[in-house]
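Keep in mind that the numbers below use all heavy atoms, side chains included, and drop hydrogens, waters and symmetry copies.
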Amino acid sequence: EDAMQLSPFPSSCPDEHFTLMAEFDIPNGQLEEARSGLPAIKEATKNGEGASSCYFYGFGQEGRSLLSREAYTDVNGFLKHLKDVHGLTKAVKAKFTLVGTKQDLDLIRSREYMKSQEVAYWELVDGAFWM
């Protein structure tokens, strides 16, 4: 119920999409409150400016941690998504894993907010492709 695909996957072409996984460590006693905010975030994602760039979007849960799993045509789609959900999310400790082109990752590295976060940057290797 928490996962969706908004844009069709490309086929028979190089893969240069931007992927994000964010693991949120929810404080004790606040998991239900955090989960109750997911429908509003999903609606903003489905109906926002970044929707046409979103390949998939969804959440997973393990214990007190929530995982957001997202993919966009490029980093600009992700940045539009951030504007779409701004004000709906609360600041909690997060670990980010980002996968994209060098240019996309450099753009994210330059953002002030990301400089204070725990982030793993993975650059796409030449030769990735969509089937």
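Between Ala40 and Leu88, the shortest heavy-atom contact is O-CD1, 3.6 Å. Phe24 approaches Ser68 most closely through the heavy-atom pair CE1-CB, 3.9 Å. The nearest pair of heavy atoms linking Leu66 to Ala34 is CD1-CB, 4.0 Å. Shortest non-hydrogen contact noted between Ala51 and Asp84 is N-OD2, 4.4 Å.
Taking the ring pair (Phe, Tyr, Trp, His ring centres under 6.0 Å) definition, one finds that Trp130 meets it with Phe9, His17, Tyr55, sequence neighbours left out. Arg64 is linked by a salt bridge (Lys or Arg N to Asp or Glu O under 4.0 Å) to Asp25, counting only residues two or more places apart in sequence or in another chain. The salt bridge (Lys or Arg N to Asp or Glu O under 4.0 Å) search around Glu112 returns Lys115, not counting sequence neighbours. For the side chain to side chain donor-acceptor pair (under 3.5 Å) test, residues two or more places apart in sequence or in another chain that qualify with Lys46 are Glu43. The salt bridge (Lys or Arg N to Asp or Glu O under 4.0 Å) search around Glu33 returns Lys90, not counting sequence neighbours. A search for side chain to side chain donor-acceptor pair (under 3.5 Å) contacts involving Glu23 returns nothing, not counting sequence neighbours.
Within the 3.5 Å criterion, the main-chain N or O of Gly63 finds a donor-acceptor partner in the side chain of Gln61. Of the possible donor and acceptor atoms, one in the side chain of Asp104 sits under 3.5 Å from a partner among the backbone N and O of Val75. At least one donor-acceptor pair under 3.5 Å links the side chain of Asp74 to the backbone N or O of Gly77.
One hydrophobic cluster, built from ILVMFWY side chains closer than 4.5 Å, holds both Leu20 and Leu82. Criterion: ILVMFWY side-chain heavy atoms under 4.5 Å apart, direct or through other members. Under it, Val99 and Leu79 are not part of a common hydrophobic cluster.
Here the side chains of Phe78 and Leu107 are not in contact, with every heavy-atom distance at 4.5 Å or above. Between Leu105 and Trp122 there is no side-chain heavy-atom pair separated by less than 4.5 Å. Within the 4.5 Å cutoff, the side chain of Ile108 has heavy atoms near those of the Leu98 side chain. Within the 4.5 Å cutoff, no side-chain heavy atoms of Met21 are placed close to those of Phe96.
Between the side chains of Glu123 and Tyr121, no donor-acceptor pair of N or O atoms lies under 3.5 Å.
For the atom pair OG of Ser65 and NZ of Lys95, the computed distance is 7.0 Å after rounding to the nearest 0.5 Å. Between the NZ atom in Lys102 and the CZ atom in Arg109 there is a gap of 6.5 Å [rounded to 0.5 Å]. A distance of 9.5 Å separates OG in Ser12 from CZ in Phe129, rounded to the nearest 0.5 Å. Taking CG from Leu38 and NZ from Lys42, the interatomic distance works out to 8.0 Å, rounded to the nearest 0.5 Å. Distance check: Cys54 SG to His81 NE2 gives 7.5 Å after rounding to the nearest 0.5 Å.
When the shell of 6.0 Å around CE of Met114 is examined, it contains more than 12 heavy atoms from other residues, nucleotides or ligands.
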**OP:** Go through Phe56 and Glu70 one step at a time and tell me if the side chain to side chain contact (heavy atoms under 4.5 Å, CB included) criterion holds.
**Re:** CA-CA 5 Å; Phe56 59 83; Glu70 313 170 25; 5.7 Å; no
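Cation-pi contact between Arg69 and Phe59: absent, since separation from the ring centre below 6.0 Å together with deviation from the ring axis within 45° is not met.
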